[in-house]
S.K.: 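This is the structure, below, for whatever I ask next.
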Amino acid sequence: MLLVVRHLTQMQYPLGATSVALRLRLFPQSFDGQRVIDWHVSVDGKEIERSIVGGYGERSAQWLSQGQRTELEILAWGRVETEDRAGIVAGLRRACPTGVFLRDTPLTLADAAIRALGGELEPGGDTLSGLHALSARVQEALPYVSGVTDSTTTAAAALAGEGGVCQDHAHIFISAARSRGIPARYVVGYLLAGDSEHQRFETHAWAEAFVEGLGWVGFDVANGLCPTDHYVRLCTGLDAHDAAPVRGVVTGGDAGTVVADVRIARGDGDVDAIQQQQQ
């Protein structure tokens with residue numbers, strides 16, 4: 001499937017920011033089942049030309065503002081060809097050892113309730129079936145309810161609360177898998193949902209777990225399936241904070257506001273047409 005994506009991030013600093021430093025992880029990579037045809041990232045209309053490959057094998061770029069500003073616009077856009085590989089992620093650039101993704105973070109630290117969800121997982125047994133079962137248990141345990149959690153909500157707090165969103169489902173799944181010795185990581189990307197020609201979303205989140213003899217396998221717990229050709233995989237990390245596509249440090253003024261808008265089209269969609277929808 002050919003997918004056209006346009007990801008707009010607008011930052012506003014009403015009191016003025018004397019400097020803004022950004023880390024941008026807005027560069028999807030090609031692998032088996034995902035081929036990046038063309039992709040661009042710009043800040044205030046100027047395209048990012050230099051990037052580095054980090055420890056996860058993914059590209060990122062640094063950007064520093066020049067002088068005081070009250071607003072900032074980051075735009076990532078391009079075309080990606082995808083295939084349904086039943087969630088199996090193969091052909092990625094070689095990166096850090098899988099054991100890195102056994103590390104706990106404040107957002108993914110397991111408590112007794114999370115460990116109970118992962119209690120049937122055995123790294124030496126039928127790990128794949130166990131992970132599918134875990135995904136179903138997490139989805140059942142955490143109703144999808146928006147507005148009751150935020151970016152600081154831990155996996156344990158989300159599970160103990162009234163519900164959560166895709167970030168929370170991924171964190172709980174990752175936490176439970178790690179508690180049973182299975183490496184798991186947080187994934188950020190884009191999802192074309194439904195059959196509409198154009199869709200508006202923020203970025204989507206899911207998890208990947210490592211299965212010996214098979215490799216990394218994706219699990220979209222919130223939707224109860226493995227990623228298909230409707231998904232574009234962008235970047236990964238230990239948790240949502242680590243995997244954030246845009247992170248920054250602002251000096252002066254106040255924290256400001258950040259608004260993100262993702263448009264995705266199926267087929268030979270026109271990026272310019274999607275841009276007109278965002279205006």
S.K.: What residues form a side chain to side chain contact (heavy atoms under 4.5 Å, CB included) with L109, not counting sequence neighbours?
M.R.: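 Scan of L109 (side chain to side chain contact (heavy atoms under 4.5 Å, CB included), adjacent residues dropped) gives D104.
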S.K.: Spell out, as yes or no, whether a donor-acceptor pair under 3.5 Å connects the side chain of N223 to the backbone of L225.
M.R.: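 Here the side-chain-to-backbone pair does not exist.
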S.K.: Indicate the atoms forming the closest heavy-atom contact of A76 with L26, along with that distance.
M.R.: CB-CB, 4.2 Å
S.K.: Counting only heavy atoms not in R103 (residues, nucleotides, ligands), do more than 12 fall under 6.0 Å from its CZ?
M.R.: no
S.K.: Show which residues join V249 in its hydrophobic cluster (side-chain heavy-atom contacts under 4.5 Å, direct or indirect), or state none.
M.R.: none
S.K.: With sequence neighbours excluded, what pairs up with H204 under the ring-ring contact (aromatic ring centres under 6.0 Å, His included) test?
M.R.: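 Partners of H204 under the ring-ring contact (aromatic ring centres under 6.0 Å, His included) test: W206.
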S.K.: Hey, mind stepping through E140 and V138 against side-chain contact (heavy atoms from CB on, under 4.5 Å) and telling me if it holds?
M.R.: CA-CA 5 Å; E140 182 179 4; V138 173; over 6 Å; no
S.K.: Strictly by side chain to side chain donor-acceptor pair (under 3.5 Å), give each pair with a member in residues 151-164 just once, sequence neighbours left out.
M.R.: D150-T152, D150-T153
S.K.: Run the numbers on L134 and L121 for side-chain contact (heavy atoms from CB on, under 4.5 Å), then give the verdict.
M.R.: CA-CA 8 Å; L134 171 62; L121 273 175; 3.7 Å; yes
S.K.: Which residue pairs satisfy the salt bridge (Lys or Arg N to Asp or Glu O under 4.0 Å) criterion with at least one member in residues 8-18, sequence neighbours excluded?
M.R.: none
S.K.: Under the side chain to side chain donor-acceptor pair (under 3.5 Å) test, which residues partner S129, sequence neighbours left out?
M.R.: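 Once residues adjacent in sequence are excluded, the partners of S129 under the side chain to side chain donor-acceptor pair (under 3.5 Å) criterion are D126.
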S.K.: Got a donor-acceptor contact below 3.5 angstrom from the D168 side chain to the G164 backbone?
M.R.: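 Looks like no, no N/O pair under 3.5 Å.
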S.K.: Mind jotting down which residue pairs meet the side chain to side chain donor-acceptor pair (under 3.5 Å) criterion with at least one end in residues 82-93? Sequence neighbours excluded, please.
M.R.: E83-R85
S.K.: Got a salt bridge between R180 and E120, using NZ or NE/NH1/NH2 to carboxylate O under 4.0 Å?
M.R.: no
S.K.: Taking all non-hydrogen atoms of both residues into account, name the closest pair between L131 and A209 and its distance.
M.R.: CD1-CB, 3.7 Å
S.K.: Under a single-linkage definition using a 4.5 Å side-chain heavy-atom cutoff for Ile, Leu, Val, Met, Phe, Trp and Tyr, are L234 and V53 assigned to the same hydrophobic cluster?
M.R.: no
S.K.: If the condition is ring-ring contact (aromatic ring centres under 6.0 Å, His included), which residues does F27 pass it with, not counting sequence neighbours?
M.R.: none
S.K.: Among V258, T203, L72, find the one that has a side-chain contact (heavy atoms from CB on, under 4.5 Å) with T9.
M.R.: V258
S.K.: Could you walk me through whether R266 and M1 pass the side-chain contact (heavy atoms from CB on, under 4.5 Å) test, one step at a time?
M.R.: CA-CA 7 Å; R266 179 176 180 174; M1 182 185 298; 3.6 Å; yes
S.K.: Counting N and O atoms only, with roles assigned by atom type, does the side chain of Q34 sit under 3.5 Å from a partner on the main chain of Q29, one being a donor and the other an acceptor?
M.R.: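 Yes, Q34 side chain to Q29 backbone: donor-acceptor pair under 3.5 Å.
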S.K.: Would you find a donor on one side and an acceptor on the other, under 3.5 Å apart, between the side chain of H171 and the backbone of A240?
M.R.: yes
S.K.: For the backbone of I172 and the side chain of S175, can you confirm whether one donor and one acceptor N or O come within less than 3.5 Å of each other?
M.R.: no
S.K.: With sequence neighbours left out, what residues match R35 under salt bridge (Lys or Arg N to Asp or Glu O under 4.0 Å)?
M.R.: E81
S.K.: Check D44 with R69, please: is the shortest side-chain N to carboxylate O separation under 4.0 Å?
M.R.: yes
S.K.: So which pairs with a foot in residues 14-27 pass salt bridge (Lys or Arg N to Asp or Glu O under 4.0 Å), sequence neighbours left out?
M.R.: R25-E58
S.K.: Run the ring-ring contact (aromatic ring centres under 6.0 Å, His included) test against Y56 and tell me which residues pass, sequence neighbours left out.
M.R.: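 For Y56, the residues satisfying ring-ring contact (aromatic ring centres under 6.0 Å, His included) (neighbours in sequence not counted) are F101.
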S.K.: What are the two closest non-hydrogen atoms of T18 and S65, and how far apart are they?
M.R.: O-OG, 4.4 Å
S.K.: Suppose we screen for ring-ring contact (aromatic ring centres under 6.0 Å, His included). Which residues come up paired with F219, at least two apart in sequence or across chains?
M.R.: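 Here the qualifying residues are H132, F173.
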